[in-house]
Undergrad: 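The structure is given below, and queries will be raised subsequently.
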Amino acid sequence: DAGITQSPRYKITETGRQVTLMCHQTWSHSYMFWYRQDLGHGLRLIYYSAAADITDKGEVPDGYVVSRSKTENFPLTLESATRSQTSVYFCASRSTSRTGELFFGEGSRLTVL
Amino acid sequence: GQQVMQIPQYQHVQEGEDFTTYCNSSTTLSNIQWYKQRPGGHPVFLIQLVKSGEVKKQKRLTFQFGEAKKNSSLHITATQTTDVGTYFCAGPKETGGSYIPTFGRGTSLIVHP
């Protein structure tokens, strides 16, 4: 029972490079979310998806791109990484319930040099 | 900006003392969720409150939802070192028919043995 998995768990990259963080869930949950966590800011929503091929911006979407061609996958791409994107990224999923609990992945720690 | 405000940001307690964190919203919430994140870990769902004035208990944890459904609190009785972590509240923000969890900035609990 893998649940929700993120990869890579740790990534160091350089400014200007493209980086993709992967998220995979095995529950067939409709909703998937990407949050970033920074000290003092809590969890801020980057993008979310209500179903395959449906994505929408969250609170801090600039510099990020997402896609959802399959229900189980929700990759997050930083097209040209900046130092301000150094953060811990969490993927989460939720069932069809509009208000159900979120299940989080273990996180991806990204450092941009 | 954040839909829900959470205070305090940090709380140091001696083991055995009580702890409370508060969550406040300027708008009425349809529900509120609480999550716990251990150091180095990912957020884990604790509970969801839906009804006005609702009180729920989980062992030493007591969760309350205000009568006006604009505030909530989490109280831990007789803290233990295992309670260390960051506690987040999350209120739903309705966007295009979807309810998107918006997190407070969290309260980090430090328990001194």
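Worth saying up front: this structure is predicted, and the values here are computed from it rather than measured. Note on naming: letters A, B, ... go to the chains in the order of the sequence lines (proteins, then strands), and numbering restarts at 1 for each one.
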Undergrad: With the side chain counted from C-beta on, respond yes when B:Tyr35 and A:Leu102 share a heavy-atom pair under 4.5 Å apart, and no when they do not.
TA: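 Yes, at least one pair of side-chain atoms sits under 4.5 Å.
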Undergrad: Is the shortest side-chain heavy-atom distance between A:Phe33 and B:Ile100 below 4.5 Å?
TA: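 Yes, at least one pair of side-chain atoms sits under 4.5 Å.
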Undergrad: Measure the shortest side-chain to side-chain distance between B:Gln37 and A:Phe90 over non-hydrogen atoms and say whether it is less than 4.5 angstrom.
TA: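 Answer yes - side chains close enough.
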Undergrad: In the single-linkage hydrophobic clustering (I, L, V, M, F, W, Y; side-chain heavy atoms under 4.5 Å), do B:Ile32 and B:Ile76 co-cluster?
TA: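 Yes, because B:Ile32 and B:Ile76 connect within a single hydrophobic cluster, where side-chain heavy atoms sit under 4.5 Å apart.
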Undergrad: Given heavy-atom pairs under 4.5 angstrom as the criterion, report whether the side chain, backbone, both or neither of A:Leu39 touches chain B.
TA: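 The answer is the side chain of A:Leu39.
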Undergrad: Taking CZ in B:Arg38 as the centre, count heavy atoms belonging to other residues, nucleotides or ligands within less than 6.0 Å. Is the count above 12?
TA: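 At most 12 heavy atoms, drawn from other residues, nucleotides or ligands, come within 6.0 Å of this atom.
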Undergrad: When you look at CD of A:Glu14, are more than 12 heavy atoms from neighbouring residues, nucleotides or ligands closer to it than 6.0 Å?
TA: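 Count not over threshold, so no.
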Undergrad: Just wondering, do B:Pro43 and A:Gln37 contact through their side chains at under 4.5 Å, heavy atoms?
TA: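 Of all side-chain heavy-atom pairs linking B:Pro43 with A:Gln37, none is under 4.5 Å.
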Undergrad: Are there over 12 heavy-atom neighbours, none belonging to A:Ile12, within less than 6.0 Å of that residue's CD1?
TA: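 It does not: A:Ile12 CD1 has 12 such atoms or fewer within range.
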Undergrad: From A:Glu101 CD over to B:Gln48 CD, what is the distance, rounded to the nearest 0.5 angstrom?
TA: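 A:Glu101 CD to B:Gln48 CD: 8.5 Å, rounded to 0.5 Å.
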Undergrad: Identify which part of B:Gln6 has an atom lying under 4.5 Å from any heavy atom of chain A, answering side chain, backbone, both or neither.
TA: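 Contact with chain A: none, neither part.
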Undergrad: If Ile, Leu, Val, Met, Phe, Trp and Tyr residues are connected whenever their side-chain heavy atoms lie under 4.5 Å apart, and connections chain through other members, are B:Val84 and B:Val13 in the same group?
TA: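 As far as the 4.5 Å side-chain criterion goes, B:Val13 and B:Val84 are connected within one cluster.
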Undergrad: Any chance CZ of B:Phe45 has more than 12 other-residue heavy atoms, nucleotides or ligands included, within less than 6.0 Å?
TA: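 Buried by this count: over 12 neighbours within 6.0 Å.
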Undergrad: Using a cut-off of 6.0 Å, state whether more than 12 heavy atoms not belonging to A:Arg17 lie near its atom CZ.
TA: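 Open.
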Undergrad: Going through the distances and angles, do B:Phe103 and A:Tyr35 end up as a ring-ring contact (aromatic ring centres under 6.0 Å, His included)?
TA: CA-CA 10 Å; B:Phe103 286 80; A:Tyr35 289 89; 5.2 Å; yes
Undergrad: Taking atom CD1 of A:Ile4 and atom NE2 of B:His42, what is their separation to the nearest 0.5 Å?
TA: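 So the CD1 of A:Ile4 and the NE2 of B:His42 are separated by 9.5 Å.
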